[in-house]
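None of these values were measured; they are calculated from a predicted model. All residue numbers refer to positions in the sequence shown, counting from 1.
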Amino acid sequence: MVKRSAVIRAVVGLLAASTLLIAPPAQAAGGVNDAACRPSADHPNPVVFLHGLGANKDEDLNFLQADVAAQGYCTYSLTYGTGAYGPFVGGVGDIARSAAQIKAFVQNVLAQTGAAKADLVGHSEGGFQTLYVTKTQGISDRIDKVVAIAPPTHGTTFAGLYRLGMALGADELAGQVLTTFGCIACTQLVTDGSAVRTLTNGPIAQPGVTYTIIQSRYDELVTPTETAFVREPGVTNTYVQDVCPHDPVGHIGEAYDTNVWNMVKNALDPAGAAPFVCSVGSPG
């Protein structure tokens with residue numbers, strides 16, 4: 001989860017531009033936000049991608065979405081949770097309201113494609129939302145697989161902001177600052193934040209849903225890194241470095257890391273999961 005401002009959005013843009021050097025292959029039978037796309041027998045579930053905090057449907061997971069579409073999946077994305085920063089900065093609004101937007105979008109995708117179930121893939125706050133929406137929005141019976149990349153499942157310290165505020169006796173002030181700057185979701189996703197309490201009150205994993213959580217040991221924003229994981233039956237928790245030990249990838253870089261992409265694709269299609277050659281992602 002990213003405390004993104006215009007500066008962070010610029011960093012993400014630079015990362016996206018650098019990813020052009022490893023651009024995904026040309027699309028096959030699948031589609032990216034294509035209303036005419038119909039799921040195939042090999043990939044019967046449309047895949048909905050959920051961006052991180054401060055991003056939108058055209059950045060953060062856009063390259064991963066194109067790569068998955070190139071494997072023949074019908075893929076979809078939306079910009080959710082906009083607010084004070086305008087229509088291109090998503091994920092800053094109230095978590096519950098964003099979840100309702102995502103629910104409506106998933107229902108529309110299912111109706112449009114005629115599919116029985118959808119898969120959800122999210123990064124950072126989007127990863128949190130894959131878990132939150134599936135648990136709280138009454139559509140778990142329409143969700144098959146959840147793949148969450150670096151979700152702040154149990155809350156985060158926002159790289160120490162709240163820890164510092166508490167040490168100074170100013171944790172309430174830190175929350176007011178985040179809200180004042182237009183990031184309602186930030187105050188809800190910190191350790192013991194309201195959205196975190198809702199998600200972790202009782203089991204997170206829902207019956208009939210397969211969960212995969214992917215996290216980097218070097219994630220500097222979802223901290224401690226172990227807090228991303230859900231230690232419940234039916235959930236596979238994996239560090240990137242368990243598969244690719246020498247990958248130094250950090251939080252933002254996880255969305256653009258080809259090791260993560262391959263792990264996501266294997267999670268979406270476990271029957272067709274295949275080994276891959278590890279690359280080196282971006283630290284930070």
Side-chain angles (χ1 to χ4, degrees), residues 1-4 48-55 60-61 80-81 91-96 98-99 102-103 119-137 139-140 143 145-163 178 183-242 249-255 257 260 263-264 267:
M1 179 181 36
V2 187
K3 188 178 61 176
R4 294 187 187 173
V48 174
F49 288 81
L50 303 176
H51 61 76
L53 196 157
D60 191 30
L61 289 183
Y80 66 87
V92 296
D94 176 76
I95 292 294
S98 293
I102 295 166
K103 172 188 177 179
D119 296 334
L120 304 181
V121 176
H123 171 234
S124 192
E125 182 190 344
F128 184 93
Q129 283 285 10
T130 65
L131 305 171
Y132 189 94
V133 168
T134 303
K135 175 174 178 174
T136 67
Q137 298 301 301
I139 59 170
S140 63
I143 304 300
K145 300 180 189 71
V146 163
V147 185
I149 306 166
T153 307
H154 297 279
T156 179
T157 61
F158 268 107
L161 172 63
Y162 260 60
R163 187 180 296 132
L178 291 174
C183 187
I184 298 171
C186 294
T187 65
Q188 298 173 325
L189 292 172
V190 296
T191 305
D192 201 39
S194 60
V196 172
R197 291 197 303 270
T198 297
L199 178 63
T200 58
N201 180 21
I204 295 173
Q206 300 300 294
V209 181
T210 300
Y211 293 83
T212 301
I213 298 180
I214 300 168
Q215 170 66 319
S216 174
R217 294 186 186 276
Y218 304 112
D219 192 307
E220 73 285 8
L221 289 176
V222 174
T223 53
T225 58
E226 166 71 21
T227 59
F229 293 145
V230 176
R231 300 298 185 182
E232 297 177 14
V235 182
T236 298
N237 299 287
T238 307
Y239 278 114
V240 176
Q241 291 75 24
D242 292 341
V249 68
H251 185 80
I252 296 176
E254 288 171 86
D257 185 65
V260 173
M263 293 169 72
V264 169

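Under a 3.5 Å cut-off, the side chain of Ser216 and the backbone N or O of Val249 do form a donor-acceptor pair. No donor-acceptor distance shorter than 3.5 angstrom exists from the side chain of Tyr211 to the backbone of Ala148, with no hydrogens or angles considered. In this structure, the side chain of Gln188 engages the main chain of Ile95 through a donor-acceptor pair within 3.5 Å. Although no hydrogens or angles enter the test, the distance criterion places a donor-acceptor pair under 3.5 Å between the side chain of Thr227 and the main chain of Pro224. Counting only distance, with no hydrogens or angles, the side chain of Asp60 and the backbone of Gly52 share a donor-acceptor pair below 3.5 Å. No donor-acceptor pair closer than 3.5 Å links the side chain of Gln206 to the backbone N or O of Ser140. Side-chain atoms of Asn237 come within 3.5 Å of backbone atoms of Val230 as a donor-acceptor pair (strictly under, hydrogens ignored).
Contact of the Val196 side chain with the Val190 side chain is not registered, since no non-hydrogen atoms from C-beta on lie closer than 4.5 Å. The side-chain heavy atoms of Val133 and Ile139, taken from C-beta on, include a pair separated by under 4.5 Å. A heavy-atom distance below 4.5 Å is not found between the side chains of Arg217 and Val240.
In this structure, Lys135 and Thr198 approach most closely via the heavy-atom pair NZ-O, 3.6 Å. The shortest heavy-atom contact between Ile143 and Val209 is O-CG2, 3.5 Å. Nearest heavy atom pair, residue Gly202 against residue Glu232, reads O-OE2, 4.5 Å. Taking both residues in full, the closest heavy atoms of Leu53 and Cys186 are given as CD1-SG, 3.9 Å, listed atom of the first, atom of the second, then distance. Heavy-atom minimum distance, Gln215 versus Ala150: OE1-CB, 3.3 Å. In terms of heavy-atom proximity, Val147 sits nearest to Ala267 at CG2-CB, 3.9 Å.
Interatomic distance, OG1 of Thr156 versus CG of Asp219, reported as 8.0 Å (0.5 Å rounding). Here the CZ-CG distance, from Phe128 to Leu199, works out to 4.5 Å after rounding to the nearest 0.5 Å. The line from OG1 of Thr130 to NZ of Lys145 is 14.0 Å long, rounded to the nearest 0.5 Å. Atom CD in Glu125 sits 11.0 Å away from atom OH in Tyr132 (nearest 0.5 Å). To the nearest 0.5 angstrom, Ile204 atom CD1 is 6.0 Å from Thr153 atom OG1. In this structure, the separation between CD1 on Ile184 and OG on Ser194 is 10.5 Å, given to the nearest 0.5 Å.
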Apply ring pair (Phe, Tyr, Trp, His ring centres under 6.0 Å) to the pair Tyr80 and His51, showing each step before the final yes or no. CA-CA 8 Å; Tyr80 66 87; His51 61 76; 4.2 Å; yes

Please assess His154 against Thr191 for the test side chain to side chain contact (heavy atoms under 4.5 Å, CB included), listing each intermediate value before the final yes or no. CA-CA 6 Å; His154 297 279; Thr191 305; over 6 Å; no

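Here Tyr239 and Phe229 bring their ring centres to under 6.0 angstrom of each other.
Take Glu226 and apply the salt bridge (Lys or Arg N to Asp or Glu O under 4.0 Å) test, not counting sequence neighbours, and it matches Arg231.
His251 and Ser124 share a side-chain donor-acceptor pair at under 3.5 Å.
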